[in-house]
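Single-structure report; data block below.
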Amino acid sequence: MRNGGKTLYGAAYDRVRLEQPIKLTDADTIAHALAAISNCEIKSTNRNDVGDEFEGYFFNTTAGELLTAQSAGVNYRFVFVDTLTGAYKELGLNEVFGRAPGMYPAWHIRF
C-alpha cells in the first residue's frame, strides 16, 4: 500500500496506533494525520530466561518488516513483549540496530 510516499507491506506490521482520534474512512483526514499514525510490529516470547531488557534473546524479523520500517521511519515501531511478565520494550529501527550485537539474514520460504 502506498501512503504519503511510504510503502507499507500489509503483512509487515501487526497493529496500527493512532496518537489522536482520526476518521479512518476519510482519505484526506488520514493524509493530514500521517504523523499521528504508527505501524507496530509485535515480537513476543514466553520463555522463562528472558531479562527485562530482552538481553541475549533472539527475535526474528522479515525482510518486509525491515523494508516497511525503513520506509515508514519514525512511524514504525517494534514492540518486544514478554508474555509471562508483561514486560515490553518499544524501539524504532535505528534503536533496534543500535542494540543488536549481530544481525543474521535469512530467507523463509512458504508453500
Side-chain angles (χ1 to χ4, degrees):
M1 170 176 73
R2 299 271 311 154
N3 198 349
K6 299 177 182 188
T7 301
L8 304 177
Y9 298 94
Y13 56 93
D14 296 310
R15 295 286 181 260
V16 173
R17 179 175 57 208
L18 306 178
E19 300 297 332
Q20 64 190 42
I22 299 169
K23 186 177 179 183
L24 297 176
T25 57
D26 180 19
D28 289 333
T29 300
I30 294 169
H32 286 95
L34 287 179
I37 302 172
S38 295
N39 300 88
C40 301
E41 173 60 27
I42 300 170
K43 303 291 185 185
S44 64
T45 182
N46 63 357
R47 292 185 47 165
N48 291 326
D49 58 348
V50 176
D52 289 341
E53 293 293 315
F54 300 95
E55 61 277 345
Y57 190 71
F58 183 86
F59 288 94
N60 286 319
T61 190
T62 68
E65 291 163 359
L66 290 176
L67 291 171
T68 298
Q70 289 172 328
S71 178
V74 297
N75 294 87
Y76 190 94
R77 307 297 290 172
F78 289 93
V79 182
F80 302 93
V81 179
D82 182 334
T83 61
L84 295 178
T85 66
Y88 71 94
K89 191 83 167 169
E90 183 177 319
L91 303 170
L93 182 61
N94 288 339
E95 294 167 304
V96 170
F97 284 157
R99 285 187 49 142
M103 295 192 69
Y104 310 97
W107 292 98
H108 302 268
I109 300 170
R110 183 186 341 191
F111 290 100

TODO: For I42 and D14, work out which heavy atoms get closest and say how close.
DONE: N-OD2, 2.8 Å
Open item on the list: I'd like to check the side-chain hydrogen bond (donor to acceptor under 3.5 Å, both in side chains) partners of T62; sequence neighbours left out, ordered by chain and number.
Closed with: none
TODO: Please name the pair of heavy atoms, one in L93 and one in L66, separated by the smallest distance, quoted to 0.1 Å.
DONE: CD1-CD2, 3.8 Å
Open item on the list: Which heavy atom of F59 sits nearest to which heavy atom of F54, and what is that distance?
Closed with: CZ-CD2, 3.9 Å
Task: Nearest atoms (heavy-atom pairs only) where N48 meets L84 - done: OD1-CD1, 3.1 Å
Open item on the list: Please tell me whether Y57 and F78 are part of a single hydrophobic cluster in this structure, the criterion being side-chain heavy atoms less than 4.5 Å apart.
Closed with: yes
- [ ] Drop me the distance from N75's CG to R17's CZ, to the nearest 0.5 angstrom.
- [x] 10.0 Å
TODO: For residues E95 and R77, determine if any side-chain heavy atom of one lies less than 4.5 Å from a side-chain heavy atom of the other.
DONE: yes
TODO: Inspect the surroundings of CG in D52 and state if more than 12 heavy atoms from other residues, nucleotides or ligands are less than 6.0 Å away.
DONE: no
Open item on the list: Quick check: closest heavy atoms across E19 and S38, and the distance to 0.1 Å?
Closed with: OE2-OG, 4.3 Å
Open item on the list: When you compare the side chains of Y13 and T68, does any donor N or O come within less than 3.5 Å of an acceptor on the partner?
Closed with: no
Open item on the list: Run the side-chain contact (heavy atoms from CB on, under 4.5 Å) test on T83 and T45 for me, step by step, so that the C-alpha distance in whole Å, both residues' side-chain angles and the decisive distance to 0.1 Å come before the verdict.
Closed with: CA-CA 6 Å; T83 61; T45 182; over 6 Å; no
Task: Where A12 and G64 come nearest, the two heavy atoms and their spacing - done: CB-O, 3.4 Å
TODO: Working to the nearest 0.5 Å, report the span between OH of Y76 and CD of E65.
DONE: 4.5 Å
Task: Chi angles and distances behind the side-chain contact (heavy atoms from CB on, under 4.5 Å) call for V96, T61 - done: CA-CA 11 Å; V96 170; T61 190; over 6 Å; no
Open item on the list: Taking atom CG as the centre, does D26 end up with more than 12 heavy-atom neighbours from other residues, nucleotides or ligands that are less than 6.0 angstrom away?
Closed with: yes
Task: Pairwise distance OG1(T29) to CG(L24) - rounded to 0.5 angstrom - done: 9.0 Å
Task: Gap between atom CD of Q20 and atom CD1 of I37 - 0.5 Å precision - done: 8.0 Å
Open item on the list: Is the shortest side-chain heavy-atom distance between R99 and L91 below 4.5 Å?
Closed with: yes
